[in-house]
Visitor: 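This is the structure I have questions about; it appears just below.
Just so it is clear, the structure is predicted and the values come from calculations on it, not from any experiment. Ligands are counted one by one from 1 in listed order, and the atoms in each one are counted from 1 as well.
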Amino acid sequence: MIRLFPQRGGWLEVVCGPMFSGKSEELIRRLRRAEIAGQRALIVKPHIDSRYDIGHVVSHAGAKMRAVAVSRPEDIPGLADGYDAVGIDEVQFFTPEIVLVIDVLVARGARVVAAGLDQDFRGRPFGAMPELLCRAEILDKLQAVCHRCGGPATMTQRLVDGAPAPADGATIVVGALDSYEARCRSCHEIAEPALAAPILAEA
Ligand code: ADP
Ligand code: MG
Ligand code: ZN
């Protein structure tokens, strides 16, 4: 495979994959390298994900870089003015306007690196990700390690009290005590709403 970066103007790189696949680590690595190269680099993330550390992107392994939490995609062009490289973490949480906003940044000549979940916990496309994957000049789909079998994981398992979450659960549950695992396709489970209901034994 030959991968060439555009020589004129801006471009979009997308880094996708399930939880624990190293998206935030990769985003931090790319933006750090841009800084080392003397470029002005900025990371933004949606405000929804600012429960842990509002001023940073923090990876599951502890890698950390300063970041600005924003509520609306429309706030990004003003913040990112004058930056050569703009990282966006958890991009799937933004409203669909993020697609046009990224177009604006790229048209201004910025290198945009957008990291996010390609699938929700059901395995369906997440938010604006399909549109971003199509528009990207450069795309990487990372794999995690399946928590069940140790194989390559491409999906995110939501667990409620240790059991697979039902398909009719909300896609985004802020502050919930649900837990998540990376799983491969064959270990990934979704509880059907009907099957999850208690079945009464006949007397
Ligand atoms: P993401 O942003 O995709 O959720 P992070 O960059 O935050 O991922 O975290 C990646 C790190 O998580 C890995 O480098 C590894 O140290 C750790 N990790 C924990 N569980 C797993 C797993 N099941 N598969 C891969 N990495 C894991
Ligand atoms: Mg992450
Ligand atoms: Zn598995």
Visitor: Would you say Lys23's side chain and Glu90's backbone share a donor-acceptor pair under 3.5 angstrom?
Guide: no
Visitor: Between the side chains of Arg111 and Glu13, is the shortest nitrogen-to-carboxylate-oxygen separation below 4.0 Å, so that they form an ion pair?
Guide: yes
Visitor: Please check this pair: side chain of Gln92 against backbone of Leu117, looking for a donor-acceptor N/O pair closer than 3.5 Å.
Guide: yes
Visitor: Any side-chain to backbone donor/acceptor pair from Lys45 onto Val91? Under 3.5 Å, distance only.
Guide: no
Visitor: Within 2.8 Å of the Mg ion (ligand 2), is there any N, O or S atom belonging to Ser24?
Guide: yes
Visitor: Using 4.0 Å as the upper bound for N to carboxylate O, is an ion pair formed by Glu35 and Arg40?
Guide: no
Visitor: I'd like to verify the contacts: list protein N, O or S atoms under a distance of 2.8 Å from the Zn ion (ligand 3).
Guide: Cys146 SG, Cys149 SG, Cys184 SG, Cys187 SG
Visitor: If we only count N/O pairs under 3.5 Å, is Gly22 in contact with ligand 1?
Guide: yes
Visitor: For ligand 1, which atoms, with element, lie under 4.0 Å from some heavy atom of Pro18?
Guide: 3 (O)
Visitor: Treating Ile, Leu, Val, Met, Phe, Trp and Tyr as nodes and any side-chain heavy-atom pair under 4.5 angstrom as an edge, say whether Leu142 and Leu12 lie in one connected cluster.
Guide: no
Visitor: So which heavy atom in the protein is nearest atom 23 (N) of ligand 1, and how far is it from that ligand atom?
Guide: Val145 O, 2.9 Å
Visitor: Any atoms of ligand 1 less than 4.0 Å from a non-hydrogen atom of Ala61? List them with their elements.
Guide: 16 (O)
Visitor: What orientation do His147 and Phe20 show, parallel under 30°, tilted 30 to 60°, or perpendicular over 60°?
Guide: perpendicular
Visitor: What distance do Leu132 atom CG and Leu139 atom CG have between them, rounded to the nearest 0.5 Å?
Guide: 10.5 Å
Visitor: When rounded to the nearest 0.5 angstrom, what is the spacing between CD in Glu181 and CE in Met19?
Guide: 10.5 Å
Visitor: Under the criterion side-chain contact (heavy atoms from CB on, under 4.5 Å), which of Arg30, Glu26, Arg32 is the partner of Ile28?
Guide: Arg32
Visitor: What is the distance from atom OG of Ser186 to atom CE of Met155, rounded to the nearest 0.5 Å?
Guide: 10.0 Å
Visitor: Could you identify the single nearest non-hydrogen protein atom to atom 13 (C) of ligand 1 and state the distance to 0.1 Å?
Guide: Glu25 OE2, 3.6 Å
Visitor: Would you mind checking which non-hydrogen protein atom is closest to atom 25 (C) of ligand 1, with the distance to 0.1 Å?
Guide: Phe20 O, 3.0 Å
Visitor: Return the residue, atom name and 0.1 Å-rounded distance of the protein heavy atom closest to atom 17 (C) of ligand 1.
Guide: His60 CB, 4.4 Å
Visitor: Check each atom of ligand 1 against the heavy atoms of Met19 and keep those under 4.0 Å away; list them by number with element.
Guide: 4 (O)
Visitor: Report, as yes or no, whether the 6.0 Å neighbourhood of atom CZ on Arg8 holds more than 12 heavy atoms from other residues, nucleotides or ligands.
Guide: no
Visitor: Near His147, which atoms of ligand 1 are under 4.0 Å from a heavy atom of that residue?
Guide: 23 (N)
Visitor: When you compare ligand 1 with Ser59, is there at least one nitrogen or oxygen pair between them that comes in under 3.5 angstrom?
Guide: no
Visitor: With a 4.0 Å cut-off on heavy atoms, does Ser21 reach ligand 1?
Guide: yes
